[in-house]
Amino acid sequence: MTEATPSAENADDGPPVVLKLGGSLITEKDRPETVDDAALDDACDAVADALASGAVDRLVVVHGGGSFGHHHASERGVSTTTGTRDADAVAAIHGAMKRLNARVLERLRERGVPAVPVHPLSLAARTDGADGGLDLPLGSTATLLDEGFVPVLHGDGVATAGDGVTVVSGDELVVELATGLGARRVGVCSTVPGVLDDDGSVVREIRDFEAVADVLGASDATDVSGGMAAKVRELLALDAPASVFGADGLTPFLRGEEAGTRID
Ligand SMILES: Nc1ncnc2c1ncn2[C@@H]1O[C@H](COP(=O)(O)OP(=O)(O)OP(=O)(O)O)[C@@H](O)[C@H]1O
Ligand SMILES: C=C(C)CCOP(=O)(O)O
């Protein structure tokens, strides 16, 4: 086992890669609080290999909620647009996400990846209400990167002016991170091999939401943050090239190769 020690010498100040591991990939989305062990192991292997080989030198990981966050949020009627003022509900959603985050961190560190947590509930806010933008201060993430760590954020609860606490999706975090840190490229790894058209084939490239709006649905599983349609909308807003791909696309994406659907 390699030690998960950051190497500040290797951490240059070039643009980072931002990777989201979808909750539907790393958990069994219809069984409450169940990790998909094989899928999480494979994803962590791919990340560790990419860092060890130098294919990626600076990396920020974000993971989604899967059967951890979505289950608790949906039970309590909380979503990205509907908040709660019930502290027990906030604790349940945030607690579940921290449990999943701890599992992801552990698997990464076992493989020598210097992964450390960044919890959005403690940092972020929707200061203009549920329909407003997300304010995500990036000082801690940027400094952790500079110090050679791999920050691992996650979908979470977020303080929301006038609405208590709403859900912030991993996809929203990816957009803020990519914009604020000037990402080299952005990858969203999910259970599907890319955005699928009416025939189930992977759409190679999306440049315009309206062109694909008809085939974009929500998630097949419990999902309080909008599924694939919300994902594509968020990624289209980015300057950095983004891709949506499945487990098989993770290694190619990390190497800078084509994977799944390119969104730009
Ligand atoms: N046109 C489409 N192409 C591909 N997937 C689609 C499409 N329309 C809807 N979907 C759904 O979107 C899902 C992916 O979005 P989802 O938000 O569930 O993924 P995730 O990001 O991996 O999970 P999480 O939100 O828990 O992090 C797919 O599993 C599928 O059910
Ligand atoms: C439901 C919660 C708390 C997280 C949502 O994040 P996502 O799975 O990336 O949409």
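Counting begins at 1 with the first residue of the sequence. Just so you know, ligand 1 is whichever comes first in the structure, and atom 1 is the first atom listed for that ligand.
Across every non-hydrogen atom of Leu121 and Asp156, the tightest pair is N-OD2, 2.9 Å.
Counting the atoms of ligand 1 from 1 in the order shown, those under 4.0 Å from a heavy atom of Val215 are 1 (N), 2 (C), 8 (N). The contact set between ligand 2 and Ile93, taken as ligand atoms under 4.0 Å from a residue heavy atom, comprises 3 (C). Close approach of ligand 1 to Gly64 is summarised as follows: ligand atoms under 4.0 Å from at least one heavy atom of the residue are 27 (O). The contact set between ligand 1 and Gly65, taken as ligand atoms under 4.0 Å from a residue heavy atom, comprises 26 (O), 27 (O). Contact atoms of ligand 1 toward Val195: 3 (N) (distance under 4.0 Å to a heavy atom of the residue). For ligand 2, the atoms closer than 4.0 angstrom to any heavy atom of Gly64 are 7 (P), 8 (O), 9 (O). Close approach of ligand 2 to Gly170 is summarised as follows: ligand atoms under 4.0 Å from at least one heavy atom of the residue are 6 (O), 7 (P), 9 (O). Less than 4.0 angstrom separates some heavy atom of Gly155 from each of these atoms of ligand 2: 4 (C), 6 (O). Listed by atom number, the atoms of ligand 1 under 4.0 Å from Gly22 heavy atoms are 20 (P), 21 (O), 22 (O), 27 (O). Using a 4.0 Å cut-off to heavy atoms of Ser190, the atoms of ligand 1 that qualify are 14 (C), 19 (O), 20 (P), 22 (O). Those atoms of ligand 2 with a heavy atom of Val167 less than 4.0 angstrom away are 1 (C), 2 (C), 5 (C). Applying the 4.0 Å criterion to heavy atoms of Gly65 picks out, from ligand 2, the atoms 6 (O), 7 (P), 8 (O). Residue His70 has at least one heavy-atom neighbour below 4.0 Å for each of these atoms of ligand 1: 24 (P), 25 (O), 26 (O). Of all atoms in ligand 1, listed by their number and element, those nearer than 4.0 Å to a heavy atom of Thr191 are 29 (O). For ligand 2, the atoms closer than 4.0 angstrom to any heavy atom of Met97 are 3 (C).
Val202 pairs in a side chain to side chain contact (heavy atoms under 4.5 Å, CB included) with only one of the listed residues (Leu196, Val244, Val192, Asp197), which is Leu196. Considering Val60, Val62, Val18 in turn, Val62 is the only one that fulfils the side chain to side chain contact (heavy atoms under 4.5 Å, CB included) rule with Leu173.
Ligand 1 lies nowhere less than 4.0 angstrom from a heavy atom belonging to Ser169. In this structure, Gly66 has a heavy atom closer than 4.0 Å to ligand 1. At least one heavy atom of Lys231 sits less than 4.0 Å from an atom of ligand 1.
Both the backbone and the side chain of Leu196 come within contact range of ligand 1, each with a heavy atom under 4.0 Å. By the criterion of a heavy-atom distance under 4.0 Å, the side chain of Lys20, and not its backbone, is placed next to ligand 2. With a 4.0 Å heavy-atom cut-off, ligand 1 is reached by the side chain of Lys20 but not by its N, CA, C or O.
Note: an N/O pair closer than 3.5 Å links His70 and ligand 2 by distance alone. Backbone and side-chain nitrogen or oxygen atoms of Leu216 are examined, and none is located within less than 3.5 angstrom of a nitrogen or oxygen of ligand 1. Taking only nitrogen or oxygen atoms, main chain and side chain alike, Gly23 does not reach within less than 3.5 Å of ligand 2.
A donor-acceptor pair under 3.5 Å is absent between the side-chain atoms of Thr84 and the main chain of Ala89, judged by distance alone. Listed for the Ser67 side chain is a donor-acceptor partner under 3.5 Å among the backbone atoms of Glu28. The backbone N or O of Lys231 lies less than 3.5 Å from no partner atom in the side chain of Asp171, so there is not a single donor-acceptor pair. Remark: the backbone N or O of Pro120 is not paired with any side-chain donor or acceptor of Ser122 at under 3.5 angstrom.
Annotation: Asp248, atom CG; neighbour count of heavy atoms from other residues, nucleotides and ligands within 6.0 Å does not exceed 12.
Hydrophobic clustering places Phe245 together with Val56 (ILVMFWY residues linked when any side-chain heavy atoms are closer than 4.5 Å, directly or through intermediates). Following chains of ILVMFWY side-chain contacts shorter than 4.5 Å, one cannot reach Val167 starting from Val165, and the two form parts of different hydrophobic clusters.
Relative ring orientation between His119 and His94 is described as perpendicular, the plane-to-plane angle rising above 60° on a 0-90° scale split at 30° and 60°.
For the pair Asp37 and Arg107, the salt-bridge criterion is met [side-chain N within less than 4.0 Å of a carboxylate O]. Between Asp49 and Arg255 there is no salt bridge, since none of the side-chain N atoms of the basic residue sits less than 4.0 Å from a carboxylate O of the acidic one.
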Exercise for the section: Assess whether salt bridge (charged side-chain N to carboxylate O under 4.0 Å, His left out) is satisfied between Glu172 and Arg126, documenting all intermediate values. Expected result: CA-CA 12 Å; Glu172 290 175 86; Arg126 300 193 200 277; 2.6 Å; yes
